[in-house]
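Worksheet for the structure shown next.
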2 protein chains.
Amino acid sequence: MEKVRKLLESKNIRPTYQRLKILKYLTESKEHPTVDRIYGVMKKDIPTISKTTVYNTLNSLVEAGVALPIIITGKEARFDSNVMPHHHFYCEKCGKILDLKVECEHFKKGSIHGHSIKELHGYYKGICKNCL
Amino acid sequence: MEKVRKLLESKNIRPTYQRLKILKYLTESKEHPTVDRIYGVMKKDIPTISKTTVYNTLNSLVEAGVALPIIITGKEARFDSNVMPHHHFYCEKCGKILDLKVECEHFKKGSIHGHSIKELHGYYKGICKNCL
DNA sequence: TCCATATTTGTAATCCTTACAATTATGTAT
DNA sequence: ATACATAATTGTAAGGATTACAAATATGGA
Ligand SMILES: [Mn+2]
Ligand SMILES: [Mn+2]
Ligand SMILES: [Zn+2]
Ligand SMILES: [Zn+2]
């Protein structure tokens with residue numbers, strides 16, 4: 001919990017109870033949760049929490065560079081506290097999003113064809129090992 | 001126009017006037033248009049066209065494998081009639097989506113870590129050459 | 001403690017997309 | 001050509017994720 005608090009303070013984000021819990025859950029979870037999922041989990045500890053707070057907090061974390069939204073389905077965003085460049089696998093059957101450790105020479109580039117690169121996103125869609 | 005008709009017929013999609021026009025525009029446009037954009041352009045030729053028809057048609061084209069939705073911002077889908085694997089560049093300033101011709105060894109794979117791959121999507125986010 | 005400011009909360013509004021039913025068009029058999 | 005069954009189009013309503021907003025609450029410093 002101290003690590004999470006330090007992380008927030010280093011980004012000048014006030015470490016409120018809601019924010020600490022949300023970021024802690026995000027760092028410990030490997031499931032790239034949706035807002036609804038985060039909201040549901042948070043309610044156990046903070047029954048009064050509002051979904052707007054979840055949205056506000058996630059937006060703050062993203063803006064501060066501590067989290068990343070993962071846009072794949074276009075239905076709902078999912079969130080990742082691992083902001084190091086990495087690829088994902090989206091299973092069309094179970095809906096899980098898995099981290100992939102794949103080499104990608106494109107991560108290294110700062111520009112391409114004259115366009116300035118800020119982020120690179122790569123993901124596969126298919127059926128995961130478990131669902132096959 | 002005959003090419004577009006043939007394409008639709010090959011996929012067993014009835015070549016109605018609306019569908020022909022929409023697919024024709026999609027194949028000739030390089031801008032990866034939104035539904036609203038397509039709707040606006042179609043209205044010039046077909047003033048009575050409904051936005052639902054645009055949605056229906058695009059869904060049919062996607063299902064038939066003739067078009068692909070491009071999900072980047074999470075706000076609104078954009079569409080591409082080029083279904084050959086290729087990467088994109090999204091400009092955060094002007095909102096344009098550009099095609100990128102980049103080599104990617106990952107396109108060749110059929111599976112990864114035991115997961116069965118159906119699609120690979122890759123895109124950069126940043127500031128395009130024109131906006132720099 | 002007091003106060004200014006930031007955060008949280010609940011509700012309403014917004015925007016994209018889909019559901020649905022009525023109307024219109026299409027293709028085929030007579 | 002006509003009649004009929006089926007499919008597509010249209011307009012409106014509903015759904016779902018996200019944001020806007022203002023009131024209530026919490027925070028941190030003087
Ligand atoms: Mn991840
Ligand atoms: Mn493209
Ligand atoms: Zn799966
Ligand atoms: Zn640009």
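- With distances taken from any side-chain atom of T52(A) to the nucleotides dA17(D), dT18(C), dC21(D), the minimum falls on dC21(D).
- The shortest distance between the side-chain N/O atoms of T48(A) and the OP1/OP2 oxygens of dT9(C) is below 4.0 Å.
- One distance of note links CG of L26(A) with CZ of R19(A); it measures 14.5 Å at 0.5 Å rounding.
- We find that NZ of K51(B) is positioned 16 Å from P of dA13(D), with the value rounded to whole Å.
- Of the side-chain N and O atoms in Y55(B), none sit less than 4.0 angstrom from OP1 or OP2 of dT18(C).
- Between I13(A) atom CD1 and dG28(D) atom P the separation is 14 Å, expressed in whole Å.
- Projected onto DNA chain C by closest heavy-atom contact, K75(A) and R19(A) fall at different nucleotides, the more 5' of which corresponds to R19(A).
- Judged by closest nucleotide on DNA chain C, A77(B) is the one of R14(B) and A77(B) placed further toward the 5' end.
- When the P atom of dG15(D) is taken as reference, atom CG of D36(A) falls 16 Å away, rounded to whole Å.
- Taking only side-chain nitrogens and oxygens, T53(A) comes nearer than 4.0 Å to OP1 or OP2 of dT9(C).
- Considering all non-hydrogen atoms of both residues, Y25(B) and P33(B) come closest at CE2-CG, 3.9 Å.
- In this entry the distance linking CD of E63(A) with C1' of dT19(D) reads 15 Å, nearest Å.
- Rounded to an integer number of Å, the gap from CZ of R78(B) to P of dC16(C) is 12 Å.
- Using a 30° and 60° split on the angle between ring planes, Y123(A) and H121(B) fall in the parallel class, below 30°.
- Atom CD1 in I38(A) sits about 14 Å away from atom C1' in dA17(D), given to the nearest Å.
- Per the geometry, CG belonging to N56(A) stands 13 Å off P belonging to dG10(C), to the nearest Å.
- Of the inter-residue distances, the one linking C104(A) atom SG with L120(A) atom CG reads 5.5 Å to the nearest 0.5 angstrom.
- For I49(A), the side-chain atoms get nearest to dT9(C) when compared with the rest of dT9(C), dT18(C), dA6(C).
- The nearest whole Å value for the distance from the OH atom in Y39(B) to the P atom in dT17(C) is 15 Å.
- Looking at which nucleotide of DNA chain D each of S50(B) and E76(A) is closest to, the 5′-most match is held by S50(B).
- Looking at T16(A), its side chain has no donor and acceptor atom pair within 3.5 Å of the base of dT8(C).
- Between K93(A) and C128(A), the closest side-chain pair of non-hydrogen atoms is not below 4.5 Å.
- In terms of phosphate contacts, Q18(A) brings a side-chain nitrogen or oxygen within less than 4.0 Å of OP1 or OP2 of dT9(C).
- Using a 4.0 Å heavy-atom cutoff across all strands shown, N59(B) reaches sugar-phosphate atoms only and no base atom.
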